[in-house]
Amino acid sequence: MNSKTIIVCFILYFVVVNLVAIILTIIDKKRAIKGKYRIPESTLMLTGLFGGALAEYFVMKKIHHKTKHSKFMIGLPLEIFFHIVLIALVIYKTAF
């Protein structure tokens, strides 16, 4: 596999995971409003860890969902930092 293919695969992966994170966050907000069964916080955090942290963080801020939970307001930015480092390492390894 060449470096362009690897980069495209990573981009596609992050797009899909971020879309899933957006959908889960919006579903959880709607369920919270209706008083229905919620998506577990661990699921939301794992979705962020697997690559959806950036979209999840911005959606949470936009729809005012879990913004008072330090687990999300500190944890998701840390996950974003982890993703930046991971992406930089992948680009570095594929470029050299």
Side-chain angles (χ1 to χ4, degrees):
M1 214 184 303
N2 64 26
S3 62
K4 285 185 180 181
T5 305
I6 292 171
I7 291 171
V8 167
C9 288
F10 264 95
I11 290 170
L12 288 174
Y13 171 80
F14 275 101
V15 167
V16 169
V17 171
N18 276 278
L19 286 173
V20 169
I22 290 168
I23 292 166
L24 288 176
T25 303
I26 292 170
I27 288 171
D28 191 53
K29 174 70 175 189
K30 287 181 179 182
R31 287 181 179 176
I33 291 169
K34 294 178 181 178
K36 293 187 175 184
Y37 176 76
R38 306 280 301 280
I39 295 171
E41 288 186 352
S42 60
T43 301
L44 294 171
M45 288 302 292
L46 280 173
T47 304
L49 184 62
F50 290 141
L54 184 63
E56 191 172 345
Y57 180 77
F58 285 117
V59 169
M60 284 182 173
K61 295 288 270 185
K62 180 73 176 171
I63 65 174
H64 305 286
H65 186 55
K66 297 199 179 283
T67 55
K68 293 183 181 180
H69 295 244
S70 59
K71 176 192 286 188
F72 291 96
M73 294 299 105
I74 294 171
L76 290 174
L78 289 174
E79 290 177 358
I80 294 166
F81 177 74
F82 169 73
H83 298 145
I84 291 168
V85 170
L86 180 65
I87 291 167
L89 284 173
V90 168
I91 291 171
Y92 175 79
K93 290 289 187 183
T94 57
F96 297 104

statement: Scanning both residues in full, the closest heavy-atom pair of Val17 with Phe50 reads CG1-O, 3.7 Å

- prompt: Is there a path from Phe81 to Phe58 through hydrophobic residues (I, L, V, M, F, W, Y) whose side chains come within less than 4.5 Å of each other?
  reply: no

query: Going through the distances and angles, do Val59 and Lys29 end up as a side chain to side chain contact (heavy atoms under 4.5 Å, CB included)?
result: CA-CA 10 Å; Val59 169; Lys29 174 70 175 189; over 6 Å; no

message: The criterion is ring-ring contact (aromatic ring centres under 6.0 Å, His included); which residues satisfy it with Phe14, sequence neighbours excluded?
response: His83

message: With a 4.5 Å cut-off on side-chain heavy-atom distances among I, L, V, M, F, W and Y, is there a chain of contacts connecting Ile22 to Tyr13?
response: no

Contact summary for Tyr57 and Ile80, nearest pair of heavy atoms: CB-CD1, 4.2 Å

Distance-only criterion, 3.5 Å: show the donor-acceptor pairs between side-chain atoms of residues 64-73 and protein atoms not counting sequence neighbours.
residue	atom	partner	partner atom	Å
His65	NE2	Asp28	OD2	2.6
Lys66	NZ	Glu41	OE2	3.3
His69	ND1	Glu41	OE2	3.4
Lys71	NZ	Glu41	OE1	3.0

task: Kindly give the heavy-atom pair with the smallest separation between Ala21 and Gly52, and that separation in Å.
output: CB-O, 3.5 Å

Same apolar cluster: Ile23 and Val15, side chain cutoff 4.5 Å: no

- prompt: Hey, any chance Met60 and Ile27 share a hydrophobic cluster, counting ILVMFWY side chains that come within less than 4.5 Å of each other, even indirectly?
  reply: yes

task: With sequence neighbours left out, write down each residue that passes side chain to side chain donor-acceptor pair (under 3.5 Å) with Ser42, or none if nothing qualifies.
output: none

query: Taking side chain as C-beta onward, heavy atoms only, is Asn18 less than 4.5 Å from Glu56?
result: no

message: Would you compute the distance between atom CD1 of Ile33 and atom CZ of Arg31 and round it to the nearest 0.5 angstrom?
response: 13.0 Å

query: Cluster question for you: counting only ILVMFWY and a side-chain heavy-atom cut-off of under 4.5 Å, with indirect links fine, are Leu49 and Ile84 together?
result: no

